[in-house]
Amino acid sequence: MCEQVPFKAGDRVYVWSASRRRWFDDGEIQVVREQGSVVVRFNNAKPVAKELPLRHIHQVLRPATAKKSQDLRSAVRQALGTGHGPKDAAQRLKRLYEATKAAEVSTDTSPQLKDLVTRQLMDFDKFTSWLYVEKAANVLPKVPAFEEPPPKLQCTKQVGEKAARKIFAGCRIQILFPGGNAMSLTRKELLEARLREEGGVAADAEATHLVVALGAPRSLVTDLAVAPDVEVVTDAWLCDSLLLGQRLPVSPRYRWRPEPEESVEVPAAPLQKDIKRQIYSCKADLQTLLGSTADAEDLRAKVVDEFRTCSAAWAVRGDKWRSWQYKKAENLVAQARSSMSVQDLKSIGLTPKFVQKCLEIRERGYLEQAEAFRKDADIHTLLELTRIHGVGPALAQAWLRCGVRSIADVRSRVDTLPGTATGAATGLTKVQRLGLRFVEDFQVPVCRSEVERIYAQVLRQAQAAKIDAPTVVPCGAYRRGDALCGGLTLVISFPGDGAVEEAAAAYLKAMDDILVADLSGAATTATAVRVPGDDDPTDSAQACLGVVRGCPVDGEPMRYRRCDFVFCRHNSLPFVTLQWTGSDGGLFNREIKRIAALRGFHLSHTYMCKADREGTRGRQVGEVCRAGAKIFCEDERAIFAAIGLPYRPPERREVDAELLRLVEEAAKEAPEALRMVKMEFQGSDLRPCASSVS
DNA sequence: GTTCCTGGATG
DNA sequence: CATCCG
DNA sequence: GAAC
């Protein structure tokens, strides 16, 4: 008898590519033939199936049948659900963890899990990594495993040695928190968490390093009587060290210097306050938060959850407006730092109907509407289907009418289902097939340290190809400060003028080893955004919605990750980073663009200009019909200043009550602002937009 | 009862 | 140009 | 779901 074929259909395996003379890890066994050969589907960017001899197949990376094992983690992951994106997953995870820790959950949580958590053998970070590390199959992890230090970051062998040492081992680092706009509390906590993960100590005194935000006032440091041997650095030192995976030397560019003018000019009152009072009041806030308002926090979490369920459900059901309302309500409640009294709920901008819903949740513990959605099988199917990149509500519903009930159904009918909601049933589009291929991987959130490892990997690839792009800014959820991210966004800025296409192509080519697919519609998307009537290509940007190989730590399986590469010139950098830092659902982006519009500007992905709009009434924004010259902005702060909005650091790019108030304000004064713009256009520099001709 | 957001891709 | 998507 |  021939040797037993060690593979099954569906297994993911290594495949040898004769043409490129190397192993690829994206093979998927389709058919196993008797004569010692197999048919393998491979090449993510351009999937093909091919019959290959067995010796060209290497090793099973992931078995075909996702076995319904007794694995506790699988159960937890399943119970958790991930239908609403990584941010959602992170919050659910946190709540599950808290609930388990408090030993409140008895029925729907495994006693083993509770045991693990309540014996305080896991902190939240370890809990997270435990949940998403798959290797030790159906064995419940032994307790000592959690007492060991978390697995060391290891990206490639090149950094292996350095990675063996934690970045901040032996450092005592004190982060000063000036309040105001210089650094938010969230950011401080975030930095401290990563600091500890990398072996450092977040110190209150006797620090080796003092981290001060760039805009902090001089008095903050001088009042502290810093010892001479203490390094006083900016937070950029901390961030860059984390990103590059090594402790950077304290070069002049990282040394903190007070900015005398700034500290006088900045109107924010908190900056003037004494640091000790700041810290004190901070602690006091936390105290009240944890003490008397623990119930309020609980209710808030519930309300957010119910609203989110409804928002997601209405969206997949096709009512985007209603979905939008729920999303806004959810954000308002989540952002508000008030108690949950009716008075407060009103004051944060909730409409009476939504306040009523909050009450309902307080009474019953749930929202009837949300409960109905949860019981609705169709909604579950739609949520599952829309997880595929390139599949939205419309197509998902069309598929539902075709009798599709799950992603598995889609897999079995890729060539017969329609690729558009209205079109013929002629098979999925290329993008959808790719989305389908990676859908499981994309469901698993990326933690911050993996984002950093991938970032470092990208830099190395570029370096190896001798490309120097001075600026690569990680944006997206990572920049906003989320603990878990759906993917990553790298904004890459080249100096000089002119179209960025060529440089972008070269850069992407250098990513060949890690970039496995492009989810952009076109082969290589050239998305040139331009001022109407202006041919200068300098202010264009180009985006590649890519898929890259992840950088797992030891013991973790490799997963493919969403990684967007966005290329631009330095002039447009602040606009591009603003755009791609966004917030979930793009809600924040839309609101600031509306404010800009109401004040007579057109704020695009890559530039800003004066704009004359038609059909602007009330808080509605008309269509751009004439545009003026582009307005130069040095950095993101300048953009906020230009549209008359108080600056918000990346971790505060959310729609909250204050932002809505500001939109309202802009709407009120809009008619006047727009008249002024019109006046400016009377005399000179009229640039009619093509779209207004019809 | 109708409209309500941004901008771009797609066919 | 309308529809769909992130 | 909310504003005209």
Side-chain angles (χ1 to χ4, degrees), chain A residues 85 307 310-311 313-330 332 349-357 367 369 385-399 418-424 426 429-432 435 442 476-477 486-487 489 518-523 525-530 532 540-543 545 562 564 566 575-576 578-580 582-598 601-608 611 613 615-624 655 660 663-664 667 689-691 694:
Chain A
F307 285 0
C310 292
S311 173
W314 282 116
V316 291
R317 188 177 260 211
D319 190 337
K320 61 177 174 181
W321 300 114
R322 189 161 275 130
S323 164
W324 189 39
Q325 295 295 135
Y326 274 98
K327 192 86 209 159
K328 261 191 345 197
E330 178 205 325
L332 286 176
L350 281 187
T351 57
K353 212 161 176 175
F354 276 105
V355 173
Q356 184 53 43
K357 286 171 198 291
L367 190 63
Q369 190 184 69
L385 297 182
T386 50
R387 284 211 307 263
I388 303 169
H389 182 103
V391 179
L395 185 56
Q397 298 217 37
W399 285 354
T420 59
T422 52
T426 170
T429 66
K430 200 175 79 186
V431 170
Q432 288 155 357
F442 291 168
T489 303
D518 186 350
L519 294 170
S520 325
T525 322
T527 310
V529 192
R530 278 166 204 178
S540 67
Q542 186 182 358
L545 313 184
R562 281 284 286 105
D564 295 338
V566 185
F575 297 101
V576 179
L578 180 67
Q579 167 73 22
W580 290 84
S583 80
D584 71 330
L587 234 56
F588 179 81
N589 282 357
R590 291 178 198 170
E591 293 304 333
I592 59 169
K593 282 177 184 186
R594 265 175 73 183
I595 292 181
L598 292 166
F601 297 100
H602 173 64
L603 176 59
S604 137
H605 300 211
T606 52
Y607 65 87
M608 181 164 63
R613 309 178 94 105
T616 305
R617 18 179 233 285
R619 59 178 67 62
Q620 276 152 246
V621 170
E623 227 167 89
V624 179
V655 178
L660 286 187
V663 174
E664 204 74 19
C689 291
S691 60
S694 148

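Just so it is clear, the model here is predicted, and its values are computed rather than measured. Numbers restart at 1 for each chain; the letters A, B, ... are given by sequence-line order, proteins then strands.
- When distances are taken from the side chain of F354(A) to each of dG1(D), dC5(B), dG11(B), the shortest belongs to dG1(D).
- The CD atom of Q432(A) sits 12 Å away from the P atom of dT10(B) (whole-angstrom rounding).
- At the phosphate of dG1(D), OP1 or OP2 sits under 4.0 Å from a side-chain N or O atom of R322(A).
- Annotation: side chain of F442(A) is not in contact with side chain of R387(A) (no heavy-atom distance under 4.5 Å).
- At whole-Å resolution of the value, CZ in R387(A) and C1' in dG6(C) are 17 Å apart.
- To the nearest angstrom, P of dG8(B) lies 14 Å from CD of Q542(A).
- In the set dC5(C), dG1(D), dC5(B), the nucleotide with an atom closest to the side chain of R594(A) is dC5(B).
- Using a 4.0 Å heavy-atom criterion, one finds that K320(A) contacts the bases of the nucleic acid, with or without backbone contacts as well.
- With sequence neighbours excluded, no residue forms a side-chain hydrogen bond (donor to acceptor under 3.5 Å, both in side chains) with N589(A).
- dT6(B) atom C1' lies 6 Å from atom CZ of R590(A), rounded to whole Å.
- The separation of dT3(B) from dG6(C), taken at their P atoms, amounts to 26 Å, rounded to a whole angstrom.
- Across dG1(B) and dC5(C), the matching P atoms stand 28 Å from one another, rounded to whole Å.
- In this structure, W321(A) packs face-to-face on the six-membered ring of dC4(B), meeting both the 5.5 Å centre cutoff and the 30° plane limit.
- Going from atom CG of L385(A) over to atom P of dG6(C) covers 13 Å, rounded to whole Å.
- Proximity of H605(A) to K593(A): side-chain heavy atoms (C-beta onward) are separated by under 4.5 Å at one or more points.
- Rounded to whole Å, the C1' atom of dA2(D) lies 15 Å from the corresponding atom of dC5(B).
- For the pair W580(A) CH2 and dT6(B) P, the interatomic distance rounds to 18 Å; values are reported in whole Å.
- No contact: G423(A) has no heavy atom under 4.0 Å from any strand.
- Note: CG (N589(A)) to P (dC5(B)) measures 16 Å, nearest angstrom.
- When each of dG1(D), dG6(C), dG7(B) is scored by its nearest atom to the side-chain atoms of H605(A), the top-ranked nucleotide is dG7(B).
- If you measure from atom CG of D564(A) to atom C1' of dG7(B), you get 16 Å, rounded to the nearest angstrom.
- Annotation: salt bridge (Lys or Arg N to Asp or Glu O under 4.0 Å) contacts of R590(A) (sequence neighbours excluded): none.
- When distances are taken from the side chain of K357(A) to each of dG7(B), dG6(C), dG1(D), the shortest belongs to dG1(D).
- The shortest side-chain heavy-atom distance between H389(A) and V431(A) falls under the 4.5 Å cut-off.
- The side chain of A394(A) approaches dC5(C) more closely than any other nucleotide in the set dC5(B), dG7(B), dC5(C).
- Here the nucleotide nearest the side chain of W324(A), chosen from dC5(B), dG6(C), dT3(C), is dC5(B).
- At a threshold of 4.0 angstrom between heavy atoms, the contacts of Q369(A) are confined to the sugar-phosphate backbone, with no base atom among them.
- Listed nucleotides: dG7(B), dG6(C), dG1(D). Nearest to the side chain of K593(A): dG7(B).
- Seen from the ring of W324(A), K328(A) counts as a face-on cation partner, given the 6.0 Å and 45° thresholds.
- Distance from the side chain of T351(A) is smallest to dA2(D) among dG7(B), dA2(D), dC5(B).
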